[in-house]
Amino acid sequence: MNAPPLAQIVNAWYRDNARDLPWRREGFPAWGILVSEFMLQQTPVIRVLPRLDEWLRRWPTPADLAAAPAGDAVRAWANLGYPRRALWLHAAAVQITERHGGVVPRSVEDLLRLSGVGDYTARAVAAFAWGERHPVVDTNTRRVIARAVKGQAEPAPPSAVRDLADMTELLPDPDDEARQFNAAAMELGAMVCTARSPLCAECPIAAQCVWRAAGYPDYAGPRKAVQKKYEGSDRQVRGLILAALRSAHEPLADVAVEPLWPDAAQRTRALEGLVADGLAVRTARGVTLP
DNA sequence: CACCCGTGGCC
DNA sequence: TGGCCAAGGGT
């Protein structure tokens with residue numbers, strides 16, 4: 001007797017084990033899905049939850065956010081990290097208001113034209129907010145496919161074409177099952193088939209897992225680029241300056257920026273970078289959020 | 001394509 | 001302690 005297809009097993013597991021996350025609840029608005037996807041780009045779920053709730057209370061529609069200064073978005077972003085995402089989300093809200101009558105677009109094509117929306121986010125919104133049939137592939141899904149299907153400890157570096165083709169092959173025929181599998185594969189990767197210490201004893205597809213069957217061979221493909229040290233980096237200095245700007249309620253004079261970092265050249269470089277990115281603005285009285 | 005972009009928690 | 005990781009995207 002053949003085992004059920006992978007997707008069917010994972011979906012059954014998902015129905016019993018999925019976390020109750022706000023963006024999975026019935027009736028959660030497309031705008032809320034979009035905001036959550038922005039916030040979840042490289043930021044853990046647990047840190048997103050409170051910020052998402054605040055954000056949607058304050059700006060319940062794209063038009064509400066579009067009407068606010070971009071700096072308000074950057075301040076509300078708080079410590080989620082990568083504050084350019086706040087700027088992009090604000091820009092996307094303006095674009096949605098101007099180009100789409102205030103309604104989050106439904107097609108991947110239109111979604112991809114929004115600031116800060118790439119291959120993952122466009123498909124996630126189309127699939128999860130609008131129920132469109134698309135492969136949705138994030139880092140969790142790529143890891144699950146690498147292990148369970150390809151027998152590799154880690155996925156190769158992301159490749160949109162290959163990743164989407166891999167996932168398309170796994171999607172079950174019924175649209176609702178396909179949609180659920182997109183979420184279920186991500187959930188499995190996030191909760192069971194984790195990067196560091198996968199919980200194979202709890203995995204619903206352990207029996208089908210090619211990596212497990214092969215004896216958990218080490219990853220042999222190209223290594224991930226080593227990320228540069230954060231301590232002492234420009235990113236750290238930008239973060240310090242931006243934190244000061246977020247908490248300040250009037251423009252920051254140069255003398256207020258100086259104590260944030262000892263190296264003047266690096267301080268200047270970081271500040272110029274923030275200005276160039278639109279995260280900071282120079283005024284006669286000092287530097288502020290946009 | 002390589003590199004850049006925050007922040008915090010974990011082992 | 002420090003490297004790694006987290007629902008990526010832009011340039």
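Lettering follows sequence order; numbering is per chain, from 1.
Taking each heavy atom of A:P135 and A:T168 in turn, the nearest pair found is CG-OG1, 3.5 Å.
Between A:R84 atom CZ and C:dG9 atom C1' there is a gap of 8 Å when expressed in whole angstrom units. The nearest whole Å value for the distance from the OH atom in A:Y82 to the P atom in B:dC4 is 11 Å. Distance A:R85 CZ to B:dT7 P: 10 Å, rounded to the nearest Å. We find that CD of A:Q42 is positioned 13 Å from P of C:dG10, with the value rounded to whole Å. Nucleotide C:dG8 holds its C1' atom 9 Å from the OH atom of A:Y120, rounded to whole Å. Atoms CG (A:L89) and P (C:dG10) sit 13 Å apart, rounded to a whole Å. As rounded to whole Å, 11 Å separates atom P of B:dC10 from atom CD1 of A:I46. Whole-Å rounding puts the A:M39 CE to B:dC5 P distance at 22 Å.
Residue A:R269 has no polar side-chain atom (N or O) positioned under 4.0 Å from OP1 or OP2 of B:dC4. When the side-chain nitrogen and oxygen atoms of A:K228 are compared with OP1 and OP2 of B:dC3, none of them lie within a distance under 4.0 Å.
When the C1' atom is compared between C:dG9 and B:dG9, the two are found 23 Å apart, to the nearest whole Å. Taking the C1' atoms as reference points, B:dC1 lies 13 Å from C:dG10, given to the whole Å. If you take atom P in B:dC3 and the same atom in C:dC4, they sit 16 Å apart, rounded to whole Å. Here, C:dA7 and B:dC4 have their P atoms 23 Å apart, quoted to the whole Å.
At a cut-off of 3.5 Å, with distance as the only test, a side-chain donor of A:R15 or A:Q180 sits close to an acceptor on the other residue.
Residue whose closest nucleotide on DNA chain C sits further toward the 5' end, between A:G116 and A:W23: A:W23. Taking the nucleotide of DNA chain C with the nearest heavy atom to each of A:L114 and A:T194, the more 5' of the two is matched to A:T194.
Contact annotation for A:R238: backbone-only contact, meaning every heavy-atom pair under 4.0 Å involves sugar-phosphate atoms and none involves a base. If you check every strand for non-hydrogen atoms under 4.0 Å, A:L112 touches nothing. In this structure, A:R123 reaches neither bases nor backbone, as no heavy-atom distance under 4.0 Å exists between it and the strands shown. At a threshold of 4.0 angstrom between heavy atoms, the contacts of A:L242 with the nucleic acid are absent. Using a 4.0 Å heavy-atom cutoff across all strands shown, A:R246 reaches sugar-phosphate atoms only and no base atom. Looking at heavy-atom distances under 4.0 Å, A:V117 makes contact with sugar-phosphate atoms alone, never a base. If you check every strand for non-hydrogen atoms under 4.0 Å, A:P44 touches a base. Within 4.0 Å of A:Y230, counting heavy atoms only, lies at least one base atom of the nucleic acid. Residue contacts shown for A:D119 are limited to sugar-phosphate atoms, with no base heavy atom under 4.0 Å away. When heavy atoms are screened at a 4.0 angstrom cut-off, A:A195 is found touching the sugar-phosphate backbone but no base atom. Here A:G81 lies in heavy-atom contact (under 4.0 Å) with a base. Counting any heavy atom pair closer than 4.0 Å across all strands shown, A:Q236 reaches no nucleic acid atom.
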After noting the C-alpha distance and the side-chain angles of A:Y216 and A:W211, does the key distance pass the ring pair (Phe, Tyr, Trp, His ring centres under 6.0 Å) rule? CA-CA 5 Å; A:Y216 301 117; A:W211 184 48; 4.7 Å; yes

Does the side chain to side chain donor-acceptor pair (under 3.5 Å) test come out yes or no for A:Q266 and A:W261, once each step is laid out? CA-CA 8 Å; A:Q266 194 176 14; A:W261 194 257; 2.7 Å; yes

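Taking the six-membered ring for Trp, A:W31 and A:W59 have ring centres at least 6.0 Å apart.
You won't find any donor-acceptor pair under 3.5 Å spanning the side chain of A:T121 and the base of C:dG9, going by distance alone. A donor N or O paired with an acceptor N or O is not found under 3.5 Å between the base of B:dT7 and the side-chain atoms of A:R235.
Nearest nucleotide to the A:N79 side chain, out of C:dG8, B:dT7, B:dC4: B:dT7. Nearest nucleotide to the side chain of A:R196, out of B:dC10, C:dG8, C:dA6: B:dC10. When distances are taken from the side chain of A:M186 to each of C:dA7, C:dC4, B:dC4, the shortest belongs to C:dA7.
You'll find the side chain of A:R147 stays beyond 4.5 Å of the side chain of A:R212, heavy atoms only.
Scored by the salt bridge (charged side-chain N to carboxylate O under 4.0 Å, His left out) test, A:E187 finds A:R19, A:R24 as partners (sequence neighbours excluded).
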